Protein chains: 2
Amino acid sequence: MEHRIDRIKKHLHAQSYKLTPQREATVRVLLEREEDHLSAEDVYLLVKEKAPEIGLATVYRTLELLSELKIVDKINFGDGVSRYDLRKEGAAHFHHHLVCTECGAVEEITDDLLEDVEKIVETDWNFKVKDHRLTFHGVCKKCQDQELKVSS
Amino acid sequence: MEHRIDRIKKHLHAQSYKLTPQREATVRVLLEREEDHLSAEDVYLLVKEKAPEIGLATVYRTLELLSELKIVDKINFGDGVSRYDLRKEGAAHFHHHLVCTECGAVEEITDDLLEDVEKIVETDWNFKVKDHRLTFHGVCKKCQDQELKVSS
DNA sequence: TTTAAAATAATAATGATTATCATTAATAAT
DNA sequence: ATTATTAATGATAATCATTATTATTTTAAA
Ligand SMILES: [Mn+2]
Ligand SMILES: [Mn+2]
Ligand SMILES: [Zn+2]
Ligand SMILES: [Zn+2]
């Protein structure tokens, strides 16, 4: 954890930004809830627990900054809010998501999966791929089992 | 065009919805601008040209309805607005997008491309895929050429 | 026609995000 | 150390997309 924060600190310094206490508190929340997909409000409430004096605007500004630096990715699952997702250490591309349309659960896939597709896009469409967003909508394991039970 | 509208009409009727004049005007705009990715506001302004009495709320309601029926797909490219995209005739899945980070241009890919990936997701993650959202961020052909010119 | 349900238009309300601005913290210059 | 600059913050107002409300109109059935 400390190691990870150190790296982020260096990343910020490299662009002459500082890791202020507010920024650090925000990053810590993101690290502690790495599997989750928190909205700005979610982050705000969690940060407030350890740094009660922080303002919502600062959280928005920090998340914006972290997005620019590709430390977090901003995603939108179709409910009205943006969600912020820590990029995996050293990952060149954003990871993928499985969203269950029954229960709303969100799973993560960190495997690349798109290498071949990207090659096709680069050659057939002359498009230089920098990043991607891939989300599958469907039914998670748990909900599939539920359906079986109900119908049997 | 008329044929396409007829089908949509039937689709609505099948769920006991009516193709009201407002709904038809909205669908016509979507058909006329099939390549585009219009926001609700965009659609509203275009519909107003042919049906000036329509209200914005009706456009929102219509787009919502068309989304439910899978006639249009709602997408979000990260600017603050939802965009509405006609699903290709008979397509089981939503098509893909290439968003240029330089000029903002959006290209469409109607080829499936994800068949193999979906198989992997279904078997390795036990996730029953119903649909997907895939967007590549990168540099379009035009902007690549521009860069070459500038740097030479 | 009368009646009930569905759809619409106008507009108010909501809620997420951004902008503003006065204050504070950090950094550099004297 | 003191002062001047600049960056960052917190509070809050403003904006803007979307949703809810409600009175009215349209449609289809009885
Ligand atoms: Mn994630
Ligand atoms: Mn499209
Ligand atoms: Zn589920
Ligand atoms: Zn471009």
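This is a predicted model, so every value here is computed, not measured.
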Stepwise side chain to side chain contact (heavy atoms under 4.5 Å, CB included) check, B:His96 with A:Trp125: CA-CA 12 Å; B:His96 317 306; A:Trp125 274 270; over 6 Å; no
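- One finds no side-chain N or O of A:Thr20 lying less than 4.0 angstrom from the OP1 or OP2 phosphate oxygen of D:dA8.
- Open room surrounds NZ on B:Lys142; 12 or fewer heavy atoms of other groups in view lie less than 6.0 Å from it.
- Contact check, A:Tyr60 against C:dT17: a side-chain N or O comes under 4.0 Å of OP1 or OP2.
- When hydrophobic clusters are built by joining Ile, Leu, Val, Met, Phe, Trp and Tyr residues whose side-chain heavy atoms come closer than 4.5 Å, directly or via intermediates, B:Val47 is grouped together with B:Leu38.
- The side chain of A:Val81 approaches C:dT17 more closely than any other nucleotide in the set C:dT17, D:dG10, D:dT18.
- Between A:Leu65 atom CG and D:dA7 atom C1' there is a gap of 12 Å when expressed in whole angstrom units.
- Residue B:Gln22 places at least one side-chain N or O closer than 4.0 Å to OP1 or OP2 of C:dA9.
- Nucleotides of DNA chain D nearest to B:Gly80 and B:Ala57 differ in position, and the one nearer the 5' end is that of B:Gly80.
- A:Tyr17 OH: 12 or fewer foreign heavy atoms inside a 6.0 Å radius.
- Distance, A:Asp79 CG to D:dA17 P: 18 Å, rounded to whole Å.
- For C:dT17, one of the phosphate oxygens OP1 or OP2 lies less than 4.0 angstrom from a side-chain nitrogen or oxygen of A:Ser82.
- Under the Watson-Crick and G-U wobble criteria, each requiring two contacts below 3.5 Å, nucleotide C:dT30 is paired to D:dA1.
- Nearer to the 5' terminus of DNA chain D, by closest-nucleotide assignment, is the contact made by A:Tyr44 (compared with the other of B:Glu41 and A:Tyr44).
- Taking every side-chain heavy atom of A:Lys18 into account, D:dA8 is the closest of C:dT17, C:dT8, D:dA8.
- Atom CG of B:Leu19 and atom C1' of C:dA6 are 14 Å apart (whole Å).
- No more than 12 heavy atoms of other residues, nucleotides or ligands shown are found within 6.0 angstrom of NZ on B:Lys9.
- C:dT8 atom P lies 12 Å from atom OH of B:Tyr17, rounded to whole Å.
- Protein atom CZ of B:Arg83 is 10 Å distant from nucleotide atom P of D:dA17, rounded to whole Å.
- Rounded to an integer number of Å, the gap from A:Arg61 CZ to C:dC21 P is 14 Å.
- When rounded to the nearest whole Å, the span between CG of A:Asp42 and C1' of C:dT17 equals 15 Å.
- Whole-Å rounding puts the B:Gln15 CD to C:dA6 P distance at 15 Å.
- Between A:Arg23 and D:dA8, a side-chain N or O to OP1/OP2 separation shorter than 4.0 Å is present.
- Using a 4.0 Å heavy-atom cutoff across all strands shown, B:Glu53 reaches sugar-phosphate atoms only and no base atom.
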